[in-house]
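Input: one structure, supplied below.
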Number of protein chains: 2
Amino acid sequence: MAVPAREVRRRVDVLSRALRESGLRLTHQRLEVVREVARSDEHPDVETIYRAVRERVPTISLDTVYRTLATLAGLGLVRRVAATPGPTRYDANTAHHHHFVCTRCGLIRDVDDRGLDAVRAPRSAASLGSVESVEVQLRGICVDCHKKERDHD
Amino acid sequence: MAVPAREVRRRVDVLSRALRESGLRLTHQRLEVVREVARSDEHPDVETIYRAVRERVPTISLDTVYRTLATLAGLGLVRRVAATPGPTRYDANTAHHHHFVCTRCGLIRDVDDRGLDAVRAPRSAASLGSVESVEVQLRGICVDCHKKERDHD
DNA sequence: GTTACTGCAAACTTTTTGCACGACA
DNA sequence: TGTCGTGCAAAAAGTTTGCAGTAAC
């Protein structure tokens, strides 16, 4: 929820425009799914988005949320984040960035850092394929899990 | 399958020993699952391991494979790899390393590189939690997918 | 007015669980 | 021999799909 209002607006705008320009209809349901995914920086899964959207569109169905997110991902407007086992999670931040992943609770936060952006694929990787992006995952224990551990001891 | 025989032996040995030392029984089924995961560097999913093991232990059940891998992962002897959507995949290489991920077919290969090992978490990450490891994902298109594309055009 | 989208329901895939029998230490 | 692990079956969790009605353009 820490995404600045201006950035949320920009994302909703970009997403809405791109849907229209792809000849797709901007339905009430799609708009609300777009709003929800744009406003979150917690890399929510489909169920979480579904529950949030249902507050405003009580009749929306889970499979519409699945379909909308698949559509958006297909257009490259949101990204599937595969950093933890379990349900697929989505990220509306399509700029190049990195992630902190809590191995205990599954929390994922974006990490923006010039130093990490500068990491380049080694030459040896060329034998595997063409590298299109380099993403760094910082794996560890988040502050919340540390706090819980201290409190429970 | 490109894991050197010596390394496979070492892995099977470490895994077997660790199971015993944890007071767990080294059953026929567990041993074969261990062998299978140790011999692969393709980050197989449970179903794949199941099919391979069933060649040698036709009566083994899928849920035993699930349970064995969960046990091994719990002991830190194998790692869940969450780099692609779909079924969870396992990696018997517990040394610090990086991955090349094909965004088209889901292929995952290990990448060993000193330069990538040297990447450090930025100071800013401390506000998110304690970073225990830094893993680099090289995302792109593998040589096989490139070849297929050329052949189909 | 078309055509694409939605909601419902059902199917499918992946993973987990309860229980009784069998096998390891 | 006692206990842990296995296989079977069923359930739970996550995701996809077909179809008929509805709404966007």
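For clarity, every value in this text was computed on a predicted model and none was experimentally measured. In what follows, every chain begins at residue 1, and chains take the letters A, B, ... in the order their sequences are listed.
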Tell me the interatomic distance from Arg80(A), atom CZ, to dG14(D), atom C1', rounded to whole angstroms.
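After rounding, the gap between these two atoms is 12 Å.
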Side chain to side chain contact (heavy atoms under 4.5 Å, CB included) evaluation trace for Asp41(B) with Asn93(B)
CA-CA 8 Å; Asp41(B) 63 351; Asn93(B) 178 2; over 6 Å; no
Without decimals, in angstroms, what is the distance between Ile60(A) CD1 and dC5(C) P?
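Computing the Ile60(A):CD1 to dC5(C):P distance gives 14 Å.
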What does Asp63(B) touch in the nucleic acid at a heavy-atom separation under 4.0 angstrom: a base, only the sugar-phosphate, or nothing?
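Base contact - Asp63(B) has a heavy atom under 4.0 Å of at least one base atom.
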What nucleotide, of dG14(D), dG7(D), dA24(D), holds the atom closest to the side chain of His28(A)?
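Nearest listed nucleotide: dA24(D).
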How many Å lie between CG on Leu31(B) and P on dC24(C), as a whole number?
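Checked: the CG to P distance equals 11 Å.
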CG-OG1 distance between Leu77(B) and Thr71(B), expressed to the nearest 0.5 angstrom:
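One finds 10.0 Å between CG of Leu77(B) and OG1 of Thr71(B).
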What is the separation between atom CZ on Arg89(A) and atom P on dG14(D), rounded to the nearest whole Å?
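Result: 12 Å.
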Between Leu62(B) (CG) and dT15(C) (C1'), how many Å, whole number?
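Rounding to the nearest Å, CG of Leu62(B) and C1' of dT15(C) are 9 Å apart.
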On DNA chain D, does the nearest nucleotide to Gly23(B) precede the nearest nucleotide to Gly86(A) from the 5' side, or the other way round? Give the residue.
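The 5'-side residue here is Gly23(B).
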Roughly, in whole Å, what's the span from OH in Tyr50(A) to C1' in dC8(C)?
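Going from Tyr50(A) (OH) to dC8(C) (C1'), I get 11 Å.
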Glu47(B) has an atom CD; how far is it from atom C1' of dC12(C), in whole Å?
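From Glu47(B) CD to dC12(C) C1': 13 Å.
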Choosing from dT16(D), dA25(C), dG7(D), which nucleotide comes nearest the side chain of Leu26(B)?
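Side chain of Leu26(B) sits closest to dA25(C).
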At under 4.0 Å, does any side-chain N or O of Tyr66(A) touch on OP1 or OP2 of dT15(D)?
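For Tyr66(A), the contact criterion (side-chain N or O under 4.0 Å from OP1 or OP2 of dT15(D)) is met.
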Determine the minimum heavy-atom distance between Cys142(A) and Cys102(A), stating which atoms define it.
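Distance-wise, the nearest heavy atoms are N-SG, 3.4 Å.
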Contact nearer the 5' end of DNA chain C, comparing Arg20(B) with Ala70(B):
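Result: Ala70(B).
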Among the nucleotides dG7(D), dG7(C), dG5(D), which one has an atom lying closest to any side-chain atom of Arg30(B)?
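The answer is dG5(D), which lies nearest to the side chain.
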From CZ of Arg54(A) over to P of dC8(C), roughly how many Å is that when rounded to an integer?
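Between P of dC8(C) and CZ of Arg54(A): 11 Å.
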Classify the side chain of Arg25(B) and the base of dA25(C) as holding, or not holding, a donor-acceptor pair under 3.5 Å.
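No pair found.
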Please determine if a side-chain N or O atom of Thr88(B) lies less than 4.0 Å away from the OP1 or OP2 oxygen of dT14(C).
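The answer is no; no side-chain N or O of Thr88(B) sits under 4.0 Å from OP1 or OP2.
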For Arg89(B) and Glu42(B): C-alpha separation, side-chain torsions, deciding distance, then whether salt bridge (charged side-chain N to carboxylate O under 4.0 Å, His left out) applies.
CA-CA 9 Å; Arg89(B) 300 165 68 165; Glu42(B) 301 202 342; over 6 Å; no
With nearest nucleotides of DNA chain C determined for Val46(B) and Leu24(B) from heavy-atom distances, which residue corresponds to the more 5′ nucleotide?
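Looking at the nearest nucleotide for each, Val46(B) comes out on the 5' side.
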State whether Gln29(B) places a side-chain N or O below 4.0 Å from either non-bridging phosphate oxygen (OP1 or OP2) of dA23(C).
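No, outside the criterion.
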Would you say His97(B) and Asp91(B) are linked by a side-chain donor-acceptor pair, where the criterion is simply a distance under 3.5 Å?
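Note: Asp91(B) and His97(B) side chains meet the donor-acceptor criterion.
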Phosphate-side-chain proximity, Thr27(A) and dA4(C), N/O vs OP1/OP2 below 4.0 Å
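So the side-chain polar atoms of Thr27(A) never come under 4.0 Å of the phosphate oxygens OP1 or OP2 of dA4(C).
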Under 4.0 Å between a side-chain N/O of Arg67(B) and OP1 or OP2 of dT16(C), yes or no?
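For dT16(C), neither OP1 nor OP2 has a side-chain N or O of Arg67(B) closer than 4.0 Å.
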I need the Thr64(A) OG1 to Gln29(A) CD distance, nearest 0.5 Å.
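Between atom OG1 of Thr64(A) and atom CD of Gln29(A) there are 6.0 Å.
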